[in-house]
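One structure is given here, and the rest of the page talks about it.
Here is how names work: the chains are called A, B, and so on, in the same order as the sequence lines, proteins then strands, and each is numbered from 1.
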2 protein chains.
Amino acid sequence: MAESWVNSAEALGSDLHLELAGAGGRRAALTRALRDAVRDGRLAPGTRLPPYRSLAADLGIARNTVADAYAELVAEGWLTARQGSGTRVAPRADPLAARRTDPPAAARPGGGRTTSGGRGNAARPVHNLLQGQPDAAAFPRTAWLASARRALTAAPGEAFGPGDPHGRPELRRALADYLARARGVRTDPDRIVICSGFAHALWLLSGTRALRHTAAVEAYGLDFHRSLLAAAGIRTVPLPLDEDGARTEELAIRRDLRGVRTVLLTPAHQFPTGGPLHPERRATAVGWARASGGLIVEDDYDGEFRYDRRPVGAVQGLDPDRVLYVGSVSKSLSPALRLGWMVLPDALVDEALAAKGEREAWVSALDQLTLADFLESGGYDRHVRRMRQRYRRRRDQLVAALAERAPHIRVSGIAAGLHAVLALPPGTERSAVRAAIAQGLALDGLADYRHPDATGPAHDGLVVGYAAPRDHAFAAALDALCRALPPGETSGGATRTP
Amino acid sequence: MAESWVNSAEALGSDLHLELAGAGGRRAALTRALRDAVRDGRLAPGTRLPPYRSLAADLGIARNTVADAYAELVAEGWLTARQGSGTRVAPRADPLAARRTDPPAAARPGGGRTTSGGRGNAARPVHNLLQGQPDAAAFPRTAWLASARRALTAAPGEAFGPGDPHGRPELRRALADYLARARGVRTDPDRIVICSGFAHALWLLSGTRALRHTAAVEAYGLDFHRSLLAAAGIRTVPLPLDEDGARTEELAIRRDLRGVRTVLLTPAHQFPTGGPLHPERRATAVGWARASGGLIVEDDYDGEFRYDRRPVGAVQGLDPDRVLYVGSVSKSLSPALRLGWMVLPDALVDEALAAKGEREAWVSALDQLTLADFLESGGYDRHVRRMRQRYRRRRDQLVAALAERAPHIRVSGIAAGLHAVLALPPGTERSAVRAAIAQGLALDGLADYRHPDATGPAHDGLVVGYAAPRDHAFAAALDALCRALPPGETSGGATRTP
């Protein structure tokens, strides 16, 4: 393992030393040198780069300089920084594959990692259109601090002692009210277990009988969740999707789904394709669970953000004994809080608590108390309303820009959430993604979300998050996006991207 | 598994229904009925009780009533609520064995779970002398809120976006300064990785080459940590202790320690026996690590609280490439925050980050920013100073009470920390623990901390935490403690506990 990068460091060494001795910032020089080495093949796809500390020592420069250069190249897609395997040269000619592994770096357009302009290198993302990121700058600091003040002042002394894995009762009571009111969830505070988000919930549930051996997942979804399940020894089987959402009727029919006892669904807003699960499909899923003794894990990641009609309620309301409902504040408020919740069937609460351990080991009790006040004081509702308006406006701008400049591109998944899917003609996704990178956009293609075992036709498309860019930068982002899209058949003049 | 409790529920059913139909609160009646059933053997040791939801349904009472009754009986030691095996009748005649699994319940003397007095049942703990719990009521609410306000106001927008597994740079900078100044730790912010506490650190490290296959641990320590390592597939081998701390010289000598490449130590204040690791032993440990390519994991759980001279610095300062330093705010500030840190050798940072995952999934960025401000504004130092005085006063009261009323009992581990060890004559620990329970005390015997494979003589003793009780209740707690201690050889009149 060590050798594989030592060699590459040595191979680069002399070049880099020359570069760094030259004019310009060291980070810029290092970034340029590494990019060139990848581009012209001196660093082959898959090659492991030296740990940034080693390279920094070799070159006699600061670690942060190397770290920043790597982060930049990850954001650009030249490198990947996958969990457990260090930093490597991106495996595909199309460097976008690496993007989703480093959202924080890409999440700062307008910050320290944007292009300085005029460098003649269009590959660095200027516009963050990655899905899954709310508008971080809109965090309601003042209202949150007011809740923190009230909550900490009112908290009993024991709240600052060792915590209960169940979570603070104040928060569980507030959530039971809120989820019933806003999401149609049927629960009492006892059946809510606080966690740090959906991934934490999956991890905890993989220690219970809710998740064993094999689980069905939607054919398009987050690779990160599939990996987490695989690491817990759980095989995932893809469930095909159509315009009505996951084809839940196949659960009872298909031979390769026979052993499945748990299905993970995103019913309010299929992730990432964007449609709600059809009411019949919901009923079918619940019917399957009842008949087979199965369970549904409902990932309600952005259920609050529905724009054109009333939010679709949670499937959990249909059968609280068969549906595990999971939500968090990561989209509605901020992923920085690490606060989520599971609403569990009675029979699973004790097991989930046992999986969590004898004490609360994960979630800040102070943040729990603050969120409880934020919910009860109406601050959460106000924030969600405000953000719903804001995101709807963004969504409308996106739709309008496409209608004007790329009317041949079908947009879907726009009734809800923080992202849309732009359908592309078959076979054009990779070139469109490449064009988007060239336009300075950070976004993903649909292929990144497809289950590796999925059968049936792949859908070409771009997943466009519209929540994260700052207001003043959004028009430019849309402009760049439209430039990156393949021209329509009827639009004369433009040549088709090969 | 299900049958084992269904039967017990049915067996109890009629009795309980009668009880509950009677006068008095339902919780009190249920608690009494269950306690009597355990006491008179209708519920045998080890019997699994029904999930509280099932029993609630059977009896037609609220779940919380059952949950509270169970919690009360766990706190009293009649029942155990071990992770993964539900609630059971305590296996030992001595009901204290169950105590440590439910510290939150026991942590509320003066709260809802204390005796109502005069019930003629002395077994319910009134005085919380469990180790490991700081004075929760002393949390510096106002100062913390002031830091939160400053930190959240000053935070850049990206702080509310997806987090970096490394932890907030503001906090890592503040910690690097603080740890150098207060604990003699040699580091830069790059080598600090934020985590939620020592258990989280162990869990993360067990995914790196810092912890593989076999680790040496001190012969006395937290069972919880040993279990966590076992669950990660790591065997622990006990390292004997004497008055100079862990016998680190045996690392290089003993045959059964040959394969060991990692040793876990509590050098500032051996947990729980209480002495600092002798300087020669520190040097020996570092020498072993250097010679063998081994690593030391330094658990600095309460290093700030040293009373009679300057704090003992961290072993990490001797060799930052061989010592992994782990600390948290759990003792110094509050375990409710879930905030800790690892200071790692350069070569392990990338692995630890990989183990943490591609995004910050665990620790609230808002709390991280607040702690950074709290450290930099001097609030943390002020709080530690204040608590040091408070805990020293407590320690002095304990020592004085023992000198007066039980001069034959040797107290050790009093130079630092939040607990002391009261040495008992060989063979008297279990009866002393039983006497303590009868006096309404929640505390542990040393036997609870002994490694199951430890060789050499066991030390009889009580581990007495003195930080948690409220001021007004501490004198009564000491009084009860002195009554529970075995009488000295020279003290006439008293009969020896059998």
Side-chain angles (χ1 to χ4, degrees), chain A residues 51-53 63-64 67 81-86 101-104 107-108 111 133 136-137 139 141 144-145 148-149 152-153 155-164 188 190 196-197 199-200 224 334-339 346-347 349-350 354 357-367 468, chain B residues 51 53 63-64 67 81-86 101-104 107-108 111 132-133 136-137 139 141 144-145 148-149 152-153 155-164 190 196-197 199-200 224 334-339 346-347 349-350 354-355 357-367 468:
Chain A
Y52 57 78
R53 290 161 190 79
R63 286 182 197 119
N64 278 338
R82 287 229 178 265
Q83 186 169 344
S85 68
T101 62
D102 191 34
R108 288 164 206 160
Q133 299 184 14
F139 185 84
R141 304 184 192 207
W144 183 260
L145 281 166
R149 185 172 42 71
L152 263 67
T153 307
E158 53 84 15
F160 303 96
D164 177 345
D188 57 57
D190 262 3
S196 78
H200 188 207
F224 172 52
S334 166
L337 274 168
R338 313 316 313 144
L339 247 171
D346 267 14
V349 172
D350 290 338
E358 64 192 37
R359 291 186 186 182
E360 172 57 71
W362 307 112
V363 186
S364 163
L366 278 53
D367 289 346
Chain B
R53 289 161 190 80
R63 287 182 196 120
N64 277 338
R82 285 233 178 262
Q83 186 169 343
S85 69
T101 61
D102 191 33
R108 289 165 208 160
Q133 300 184 11
F139 185 83
R141 305 184 192 208
W144 183 259
L145 280 166
R149 185 172 42 71
L152 263 67
T153 307
E158 54 84 13
F160 304 96
D164 177 345
D190 262 3
S196 76
H200 189 206
F224 172 53
S334 166
L337 274 168
R338 313 315 313 143
L339 248 170
D346 266 14
V349 173
D350 290 338
E358 65 193 34
R359 291 186 185 181
E360 171 57 70
W362 309 112
V363 187
S364 163
L366 278 51
D367 289 347

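- For A:A155, the parts lying under 4.5 angstrom from a heavy atom of chain B are both the backbone and the side chain.
- A:R149 contributes no side-chain N or O that, together with a main-chain N or O of B:R149, makes up a donor-acceptor pair within less than 3.5 Å.
- The distance from the CG atom of A:L152 to the CZ atom of B:F139 is 6.0 Å, given to the nearest 0.5 Å.
- At least one side-chain heavy atom of B:T153 sits under 4.5 Å from a side-chain heavy atom of A:L145.
- In this structure a side-chain-to-backbone donor-acceptor pair under 3.5 Å is missing from B:R338 to A:G163.
- Of all the heavy atoms in B:S196 and A:A361, the pair that sits closest is OG-O, 3.0 Å.
- The greatest number of non-hydrogen atom pairs below 4.5 Å with chain B, out of A:G157, A:P335, A:G197, is found for A:P335.
- With respect to chain A, the highest number of heavy-atom pairs below 4.5 Å among B:A159, B:G132, B:G161, B:A137 belongs to B:G161.
- In this pair, A:W362 and B:H200 present their aromatic rings perpendicular. The plane angle is above 60°, beyond the 30 to 60° band.
- The greatest number of non-hydrogen atom pairs below 4.5 Å with chain B, out of A:V363, A:L339, A:V349, is found for A:V349.
- Here the side chains of A:W144 and B:L366 are in contact, with some heavy-atom distance below 4.5 Å.
- Of the atoms belonging to A:A199, not a single heavy atom falls under 4.5 Å from chain B.
- Considering only heavy-atom pairs separated by less than 4.5 Å from chain A, the leading option among B:A365, B:S364, B:A347 is B:S364.
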